[in-house]
Amino acid sequence: MQVDVRSDIREFIVDNFLFREDRETVSDTESLLENGLMDSTGVLELVAFLESDIGIEIQDAEIVPENFDSIENISNYANSKLSKNGG
Amino acid sequence: MHRKEAAPASLASYLEEIFLNHPRFDADMPSRVYIDQKGAVGGFIGVLPAPMLLDGNPVRAAVAGSLMVDNPVENPLAGARLLRSVRSGPQDLSISETANDISMGMWEQMGDRALPRYSLQWIRVFRPAGFAAAALAERFKAARVLRPVASLTDSAAGPLYHSALFGSDDKPRKYSRKEIEGRDLIAHLLELSKHYGLHPDWDEGTLEWTLRHAGRKQRHGEMRSHVVQSPSGKLLGCHVYFARPGGMAWVLQVLSSPKAEATVVASLLDHARETGAVAVRGRVMPRTIAPLMRQRAFFLCNASTVIHTKNPDIQAAVDSGDAFITGLAAESWIRLIGDRFE
């Protein structure tokens with residue numbers, strides 16, 4: 001049975017991105033890009049986390065807002081990749 | 001940086017010339033543009049092909065730089081995708097010679113580290129007040145009016161700090177120096193580059209093209225190239241730098257024969273001082289750090305050199321300092337580094 005990675009992703013984003021903006025919470029659907037919570041370095045930090053800790057392989061063409069704009073989008077994207085891999 | 005005005009036409013033609021008409025253009029390692037979801041160009045990263053040799057064996061290298069994104073705050077995905085795309089290309093070695101803090105942070109997130117012995121900028125000051133005025137004038141054109149005052153200050157105060165400025169912990173060097181250009185310069189650079197285990201696989205045409213473009217840089221004055229020889233005429237090295245009287249000279253390249261680094265550095269500093277530079281600055285190479293320290297240069301970091309390779313032999317050559325991967329070998333010679341387009 002596939003494990004939902006949403007809590008891991010949320011934990012990563014709260015620990016690594018929120019302190020920079022002096023915030024304590026972020027909703028699952030809040031835009032990380034439009035609200036400036038994730039810069040270009042943060043994008044690569046997140047990509048590295050998804051590849052090394054979650055275990056998915058990310059293609060450059062997949063680094064788009066539909067997959068990376070919110071915790072919900074990231075989680076759906078990661079779960080989709082894991083299910084394709086038989087995760 | 002986000003600019004609202006259109007880029008000058010001269011910049012557009014320069015990008016085409018440098019990145020698309022490069023004599024060693026490699027279609028497998030092109031520059032990249034980022035097209036946003038509305039179909040507009042939202043970013044660019046330039047890639048210069050840089051074929052190299054490692055102990056005689058070909059190395060496919062790509063120099064990645066000139067990363068620019070339209071409104072990066074609103075579009076952080078662009079820079080990340082551009083850099084990641086280049087880094088994952090087919091080359092054996094990726095080099096970024098002048099990564100700023102943002103770019104360096106991105107390289108680090110992908111697992112690459114800055115190379116301090118290739119990154120540090122060195123500065124040797126001859127006239128402190130002139131140096132301060134020149135440094136200010138680089139940021140504020142109006143500060144040029146300070147130059148005459150600075151010159152007088154240095155002349156008046158010079159005797160007070162003469163030993164500190166003109167002294168050196170190094171022994172005097174005997175050499176002869178001759179200004180050269182064209183085929184002579186190319187021949188010497190080709191010969192000297194081979195003293196590094198990892199070095200550019202230049203042909204005469206590519207090096208001539210590179211030097212011609214380097215000579216078009218305007219910001220730091222005229223490009224001057226010299227060969228340094230021993231009293232008996234043996235080739236010791238070459239230095240290529242930009243200077244104007246009363247300004248801060250900017251070094252593009254120092255190459256030397258084994259054990260001649262200190263003499264070539266001494267020649268460079270002597271010439272810059274004699275021709276009226278208030279200071280000289282450049283980027284270190286591992287073999288020039290010790291001679292520069294003895295010449296009382298100081299060091300700072302304003303941009304980082306970083307590489308990515310999966311080849312342990314290439315990594316070992318770089319780590320040991322046996323790699324010629326900066327200056328004319330990378331991207332410092334292009335006008336996008338430090339020049340202005342009107």
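As a basis for the values below, the full set of heavy atoms in this structure was taken, side chains included, without hydrogen atoms, waters or symmetry mates. Quick note on labels: first sequence line is chain A, next is B, and so on, each numbered from 1.
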Could you tell me which portion of B:Ser88 (side chain, backbone, both or neither) has an atom closer than 4.5 angstrom to a non-hydrogen atom of chain A?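 Just its side chain gets close to chain A.
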Per-residue contact mode, A:Glu51 against chain B (heavy atom under 4.5 angstrom):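 The side chain, not the backbone.
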Side chain from CB out, backbone as N, CA, C, O: work out which of these in A:Leu32 comes under 4.5 Å of a heavy atom of chain B, or both, or neither.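 No part of it gets close to chain B.
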Between [X] and [Y], how do the two ring planes meet: parallel, tilted or perpendicular, split at 30° and 60°?
| X | Y | value |
| --- | --- | --- |
| B:Trp333 | B:His213 | tilted |
| B:Phe44 | B:Phe19 | perpendicular |
| B:Tyr196 | B:Phe324 | tilted |

Among B:Gln253, B:Glu97, B:Lys217, B:Arg283, which one satisfies side chain to side chain donor-acceptor pair (under 3.5 Å) with B:Ser332?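 Of the listed residues B:Gln253, B:Glu97, B:Lys217, B:Arg283, the side chain to side chain donor-acceptor pair (under 3.5 Å) partner of B:Ser332 is B:Glu97.
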Quick one about B:Gln315 and B:Asp319 (side-chain donor to acceptor, distance below 3.5 Å, no hydrogens or angles considered), yes or no?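 The answer is yes; a qualifying pair exists.
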Just by distance, with hydrogens left out, do B:Gln91 and B:Ser94 show a side-chain donor and acceptor under 3.5 Å apart?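 Yes - a donor-acceptor pair under 3.5 Å links their side chains.
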Option among A:Ile13, A:Val14, A:Asp15 that satisfies the side-chain contact (heavy atoms from CB on, under 4.5 Å) test with A:Glu11: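 With A:Glu11 as partner, side-chain contact (heavy atoms from CB on, under 4.5 Å) holds for just one option, A:Asp15.
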Heavy atoms under 4.5 Å from chain B: which residues of residues 61-68 of chain A carry them?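 Residues of residues 61-68 of chain A touching chain B at under 4.5 Å: A:Ala61, A:Ile63, A:Val64, A:Pro65, A:Glu66, A:Phe68.
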Looking only at heavy atoms, which of residues 23-30 of chain B get nearer than 4.5 Å to chain A?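 Interface residues of residues 23-30 of chain B: none, nothing closer than 4.5 Å to chain A.
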Going by the rule side-chain hydrogen bond (donor to acceptor under 3.5 Å, both in side chains), which residues pair with B:Arg32 if we only count those two or more places apart in sequence or in a different chain?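 Result, side-chain hydrogen bond (donor to acceptor under 3.5 Å, both in side chains) vs B:Arg32: B:Ser85.
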Does NZ or CZ of B:Arg81 come closer than 6.0 Å to the centre of the six-membered ring of B:Tyr34, within 45° of the ring's axis?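 Because its charged atom misses either the 6.0 Å distance or the 45° angle limit, B:Arg81 does not stack over B:Tyr34.
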Qualifying residues under salt bridge (charged side-chain N to carboxylate O under 4.0 Å, His left out), relative to B:Arg113, sequence neighbours excluded: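 Partners of B:Arg113 under the salt bridge (charged side-chain N to carboxylate O under 4.0 Å, His left out) test: none.
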Looking at B:Asp70 and B:Gly43, would you say the former's side chain and the latter's main chain have a donor-acceptor pair under 3.5 Å?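 Checked: no pair found.
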